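Only a predicted model underlies this, so the values are computations on that prediction, with no experimental measurement involved.
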Amino acid sequence: MFSVVRDGDGRITGISREEIPGAERLDAHHPDILHFLDRPPDQEIFSDADADFVRVIEDVIDALIHNNVIKLTDLPPAAQKKLLLRKGIRNKLGGALDLLGNDDLIL
């Protein structure tokens, strides 16, 4: 959510993540916020969908490894490195599953 300051014509003149008393509060995906930041709404929604889909793929890989369908070492070295990097970051952010048992490892 953002605090939004508008001019007399209703155009956004400033935004802040900090709450401003009496200011309008808008979601980050609100068209007025996206216009102010010069980002088309569809692009923002698509980027969010991509990020969510990457998380799904990562979870599927974790499930395949956990169920012994594949081994981490079956993946190409570059994919292993990227997966372990993401798992390390997710672990630090508190959203990781410890299916590989080495979430602390960041290559």
Side-chain angles (χ1 to χ4, degrees):
M1 293 292 283
F2 288 99
S3 289
V4 175
V5 177
R6 297 183 184 265
D7 65 12
D9 295 324
R11 289 184 298 252
I12 294 177
T13 58
I15 62 173
S16 174
R17 289 192 184 273
E18 302 294 321
E19 188 166 350
I20 299 172
E24 181 181 2
R25 299 285 290 166
L26 294 177
D27 183 83
H29 301 292
H30 190 281
D32 290 351
I33 295 285
L34 297 174
H35 182 267
F36 179 79
L37 297 173
D38 197 29
R39 295 187 342 212
D42 292 341
Q43 179 182 348
E44 179 71 20
I45 292 168
F46 195 70
S47 294
D48 287 348
D50 280 351
D52 291 342
F53 191 66
V54 168
R55 172 77 187 255
V56 168
I57 291 171
E58 186 180 347
D59 289 343
V60 167
I61 292 169
D62 284 345
L64 292 171
I65 291 170
H66 181 73
N67 291 313
N68 296 315
V69 174
I70 63 171
K71 294 181 269 189
L72 179 63
T73 55
D74 292 339
L75 301 172
Q80 292 177 41
K81 184 176 180 178
K82 289 175 185 174
L83 184 63
L84 292 173
L85 176 64
R86 283 191 50 85
K87 289 188 71 51
I89 292 168
R90 279 176 62 185
N91 187 45
K92 286 182 179 15
L93 296 175
L97 299 174
D98 187 15
L99 298 179
L100 297 179
N102 56 0
D103 284 341
D104 295 324
L105 178 63
I106 296 180
L107 301 177

Q: Give me each pair satisfying side chain to side chain donor-acceptor pair (under 3.5 Å) with a member in residues 10-20, each pair once, sequence neighbours excluded.
A: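 Checked against side chain to side chain donor-acceptor pair (under 3.5 Å) - neighbours excluded - the pairs reaching residues 10-20 are Asp7-Arg11, Asp9-Arg11.
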Q: If the condition is side-chain hydrogen bond (donor to acceptor under 3.5 Å, both in side chains), which residues does Glu24 pass it with, not counting sequence neighbours?
A: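 Checked Glu24 against side-chain hydrogen bond (donor to acceptor under 3.5 Å, both in side chains); matches are Arg6.
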Q: Please step through side chain to side chain contact (heavy atoms under 4.5 Å, CB included) for the pair Val54 and Arg86, ending with a clear verdict.
A: CA-CA 10 Å; Val54 168; Arg86 283 191 50 85; 3.7 Å; yes
Q: Nearest 0.5 Å, what's the CD1-CG distance between Ile57 and Asp62?
A: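 The distance works out to 12.0 Å.
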Q: Just jot down the side-chain contact (heavy atoms from CB on, under 4.5 Å) partners of Val69, sequence neighbours excluded, or say none.
A: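 Testing Val69 for side-chain contact (heavy atoms from CB on, under 4.5 Å), a comparison that skips the adjacent residues, returns Leu64, Asn67.
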Q: How does the hydrophobic cluster around Val5 look, that is, which other residues are in it when side-chain heavy atoms under 4.5 Å mark a link?
A: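 Traced through the cluster, Val5 reaches Ile20.
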Q: Drop me the distance from Phe2's CZ to Leu37's CG, to the nearest 0.5 angstrom.
A: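 Answer for the CZ-CG pair, Phe2 versus Leu37, is 6.5 Å.
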Q: Which heavy atom of Ala23 sits nearest a heavy atom of Val4, and at what distance?
A: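 Looking at all heavy atoms of both residues, the shortest contact is CB-O, 3.6 Å.
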Q: Run the side-chain contact (heavy atoms from CB on, under 4.5 Å) test against Asp27 and tell me which residues pass, sequence neighbours left out.
A: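 Asp27 satisfies side-chain contact (heavy atoms from CB on, under 4.5 Å) with Met1, His29 only.
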Q: Can you list the residues that meet the side-chain contact (heavy atoms from CB on, under 4.5 Å) rule with Leu75, with sequence neighbours excluded?
A: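 Here the qualifying residues are Ile61, Ile70, Leu72, Ala79, Gln80, Leu83.
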